[in-house]
There are 2 protein chains.
Amino acid sequence: MKVNFLTAALQIGTKGERVAARIRAAALEQFSRQGFERTTMGEIAREAGVSQAALHYHFQDKAQLWRSAMLDLAAHIAEEERAITAARDARAIDQLRMAMRLFVEISWRHPALGRIVALEGMAGGERLAWLVENLLGDRNRRLAHLAARAIAEGDLKPFPPEQIVVTLQAAAAGLINLQPLMRANFGVLAYSAAGRAAHLDMILAAVFDGFVNRKTEETRP
Amino acid sequence: MKVNFLTAALQIGTKGERVAARIRAAALEQFSRQGFERTTMGEIAREAGVSQAALHYHFQDKAQLWRSAMLDLAAHIAEEERAITAARDARAIDQLRMAMRLFVEISWRHPALGRIVALEGMAGGERLAWLVENLLGDRNRRLAHLAARAIAEGDLKPFPPEQIVVTLQAAAAGLINLQPLMRANFGVLAYSAAGRAAHLDMILAAVFDGFVNRKTEETRP
DNA sequence: ACCAATCTTGACTACAAAATCAGGAAAGCT
DNA sequence: AGCTTTCCTGATTTTGTAGTCAAGATTGGT
């Protein structure tokens, strides 16, 4: 059996609940890698080590399994996020930097999230609408609001806040999502813990700082 | 009939060649939006205004149609690129900046490219291998080499060149690929020509500059 | 140990989409 | 015009996958 963050759920609940959790974990992995239609129920079943029919016992249909897997992911992420509370009175730019740090760390721990957003965010449709409604919308709007404040406080270059937010996230998730490309194109392997830390450094030090308004430097000749 | 950049091909060649071009254009649009499996031959046929069987007359199977559409896209892009030749003796950083400008412009004109790379680059598999082999590999390695030179010349912060290249491209294509997300999440509409120019500004001025090593700015003109 | 509820499965159905094919229309040549 | 090649289509077959179902296995309570 595959081991990942959802495997913890195997320890609790009734047998059915444990199997359902295993199915959700397998489904999330497949859906996020292959997208919804490329993923088959049979594949998920095999990965979870149960029969295909078991999937339909625990979940009404494929779409509902997808939503269930997403909610599961969201719950795990929310729990990890709660651990960190941004200081309310800090400058917007600092809250934003903190949010980006968190985003990168969570993206490494839960690569499925970024992949799903990329897949559905390109395609549009009802699954995207569901994601925006249930998981992404508030969070993104909050970040955009934060970016707008940071601009107003003179700390960010004055680009459209929504664009800043989406671009930052796309940049941060890019390397993580595109591991297969990195491997196929450059022969680079998946990252160790040290590599992840270096990646976080890169995003903050390079990409994020690119948006930062360096008043002192710019007023220089 | 849908009009796009491939429609030009309608003017030349035999009747069959013109129909094949129309099919490739329709296929490219669908494949890049929906991904390979979500796209059906029937849909492509309807979009191209021919019968489903006609697709199998011109192309052996779905996979070959996909490859053919990609080659078509690559040919168009290559032609546009050829118009611009980077000065050989310029500093690597300037060549890189020029390449990014080109990348953003081409990405706006051919949004299918970025979507395909994102889709297949996340999933891995034989289509990705084909893409790397036939149209991405050399180009990306050349860019990485350029980034490495720029680092050696002290113009870029010393992050791994492959990571810089992929992250820059992910950041630049992010907004373009994720238009449906922008719309669903923020209600923002597709971009006008002015919006595209502004986006290019943002990528170069913010993201690209984030990677630039500012120490050298003082010593440079 | 027994029972009832919960869970799981193999076998099956329904359906959508890819691929094939024989027949016929259109284009191009002489 | 007559002939040949190229092109296109409707009808059909094949294949892969989602979803159903009745029967049997497992689990947990008493």
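Values below: all heavy atoms of this structure, side chains included; hydrogens, waters and symmetry mates excluded. Convention: sequence-line order gives letters A, B, ...; per-chain numbering from 1.
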Atom CZ of A/F31 and atom P of D/dT17 are separated, to the nearest Å, by 13 Å
At less than 4.0 Å, is any side-chain N or O atom of B/H58 found next to OP1 or OP2 of D/dT6? Yes or no.
no
Between C1' on C/dC7 and NE2 on A/H56, what's the gap in Å once rounded to a whole number?
16 Å
If you assign A/A53 and B/S51 each to the DNA chain D nucleotide with the nearest heavy atom, which residue ends up on the more 5' nucleotide?
B/S51
Sugar-phosphate only, base, or nothing, as touched by A/T40 at under 4.0 Å among non-hydrogen atoms
sugar-phosphate
May I ask you to verify if any side-chain N or O of A/Y57 is less than 4.0 angstrom from the OP1 or OP2 atom of C/dC7?
yes
Can you confirm whether A/N140 sits close enough to A/V165 that some side-chain heavy atom of one is under 4.5 Å from a side-chain heavy atom of the other?
yes
Out of C/dT9, C/dA18, D/dA18, which nucleotide sits closest to the side chain of A/A54?
C/dT9
Separation of C/dT8 atom P from A/I23 atom CD1, nearest Å, is 7 Å
Can you check the A/Q52 CD to D/dG19 C1' distance for me, whole Å?
8 Å
Whole-Å distance, B/L55 CG to C/dT20 P, equals 13 Å
A/W108 ring center within less than 6.0 Å of A/Y191 ring center:
yes
note: B/K62, atom NZ; D/dT14, atom C1'; distance rounded to Å ~ 16 Å
note: B/D61, atom CG; C/dA18, atom C1'; distance rounded to Å ~ 9 Å
May I ask you to decide if the ring planes of A/H110 and A/H76 are parallel, tilted or perpendicular, using 30° and 60° as cut-offs?
tilted
Write down the distance between CD (A/E37) and P (D/dG16), rounded to a whole number of angstrom.
18 Å
As a quick check of understanding, evaluate salt bridge (charged side-chain N to carboxylate O under 4.0 Å, His left out) for B/R33 and B/E29, giving each step before the final call.
CA-CA 6 Å; B/R33 282 196 187 284; B/E29 185 61 23; 2.7 Å; yes
